[in-house]
Amino acid sequence: MTVTLARAHGTPCPTAVVDARTLPEAEPELLARLTELRATLADHGAADVLKNALVQPSRHPLFDLDYRFVQSLPDRLDSFDLRGSCGHSILAAVEAAARTGMIQPLVPGCRVRVNVLNNGDNVVCETEETSDGGTRFTAHFLCSPPRPVRELLITGEPVTGIPFEGRMVPVSLVSMGNPYIFVHAVELGVPTVDELFADDLVLFDRMTRLRRAVCEAQGWDTGGAFPKVAALLPDAVGSLAVRAISVPSWHPTVALTGATCLAAGAAVEGTVPHLLSGQSEQAHSGMLALRTPGATIRVSARTTGGPHDRRLAWISVAEKQVDYRGRFLPARTSQELSWLPLTA
């Protein structure tokens with residue numbers, strides 16, 4: 001098994017990028033190998049690596065990489081979620097694939113087309129700048145053909161009432177890249193940005209319990225990594241303050257798929273992101289600023305059609321830096337695995 005580590009800025013942990021050609025395809029055997037990988041990483045001080053990107057040269061003529069995301073869950077070494085995707089890990093996978101010769105070297109202006117096997121997403125990773133230590137990307141999430149924005153609403157409604165703490169809490173359930181729960185932070189007792197960004201265990205617990213309540217109301221598995229949840233406050237016209245939960249703690253910024261999902265949600269009239277951001281339903285190519293505890297992320301959504309036939313064409317997120325951590329190969333020493341660092 002060949003493993004490379006890379007980390008996108010603003011993500012909770014590095015991604016272990018694995019050559020999928022060295023792994024079994026059957027799920028039980030695959031998860032057994034990933035359990036072995038987790039145990040080995042933990043033995044070598046990398047227990048925080050909870051993201052796995054399984055990549056190989058694409059079998060599809062229109063793509064460069066086939067990518068499959070596996071989220072390691074913190075409760076047990078053999079616990080994983082194979083649903084959903086991770087935009088930051090896609091960028092880490094492209095960085096690692098280029099550094100290890102799986103695809104062409106990255107140069108400014110080049111584009112790597114990624115086929116996301118988890119959910120059918122088409123992602124184009126455009127190189128802005130590259131150096132010995134990493135690469136800065138713009139990530140483009142494409143809808144081909146353009147997708148009616150109403151199809152992004154999981155329940156078919158801009159806002160869904162969820163029974164929570166003895167009352168109905170309005171949330172927007174949006175799916176673009178990954179499914180997300182968006183809630184006005186005021187509904188959770190948090191009226192200011194400073195309070196939203198504080199390391200508040202009460203807020204963390206309340207958001208976690210709201211996520212569980214949504215899953216129970218929709219008949220979804222409560223134990224996996226998806227859907228994600230994010231609390232929002234208006235920051236300015238075209239700007240939102242965002243606090244999101246990752247696995248298993250606060251997200252330092254917001255997931256790349258969370259940013260795209262927020263931009264998609266803001267394009268649908270009546271959703272929580274739309275109402276709080278002040279986005280005009282007539283805007284076809286607007287920039288949405290997402291202020292988080294760790295950084296401000298700017299995401300652009302392109303829509304087509306009229307007010308009653310809005311369609312999402314693509315979403316772009318620029319200036320995403322990925323640091324290359326190095327390549328590792330498992331080598332047998334006695335009956336244990338050790339990791340031998342190699343040069344890129």
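Between Tyr67 and Phe69, the ring-plane angle classifies as parallel under the 30° and 60° cut-offs.
A search for side chain to side chain contact (heavy atoms under 4.5 Å, CB included) contacts involving His9 returns Gln321, Asp323, not counting sequence neighbours. Contacts of Glu195 classified as salt bridge (charged side-chain N to carboxylate O under 4.0 Å, His left out), with partners at least two apart in sequence or in another chain: none.
Here the side chain of Thr15 pairs no donor or acceptor atom with the backbone of Val17 at under 3.5 angstrom. Between the side chain of Thr22 and the backbone N or O of Asp19, at least one donor-acceptor pair lies under 3.5 Å. A side-chain donor-acceptor contact under 3.5 Å links Asp81 to the backbone of Ala225. Arg327 places no side-chain N or O within 3.5 Å of a backbone atom of Thr4 that could act as its donor or acceptor partner. A donor-acceptor pair is defined here as one N or O able to donate and one able to accept, closer than 3.5 Å; no such pair exists between the side chain of Ser89 and the backbone of Cys86.
Within 6.0 Å of CZ in Arg59 there are 12 or fewer heavy atoms belonging to other residues, nucleotides or ligands. When the shell of 6.0 Å around CH2 of Trp220 is examined, it contains more than 12 heavy atoms from other residues, nucleotides or ligands.
Side-chain contact between Met207 and Val183: absent, with no pair of heavy atoms (C-beta onward) separated by less than 4.5 Å. When side chains are defined from C-beta on, His140 counts as touching Ser316, because their heavy atoms get closer than 4.5 Å.
Annotation: the span from Asp199 atom CG to Leu201 atom CG amounts to 5.5 Å, rounded to 0.5 Å. From Leu203, atom CG reaches atom CD1 of Ile245 across 7.0 Å, with rounding to the nearest 0.5 Å. Residue Glu319 holds its CD atom at 9.0 Å from CZ of Arg298, rounded to the nearest 0.5 Å. If you take OG1 on Thr160 and CE on Met168, they are separated by 9.0 Å, rounding to the nearest 0.5 Å.
Side-chain contact of Thr138 with Glu128: a donor-acceptor pair under 3.5 Å is present, judged by distance alone.
A salt bridge does not link Glu25 to Arg68: none of the charged side-chain nitrogens sits closer than 4.0 Å to a carboxylate oxygen.
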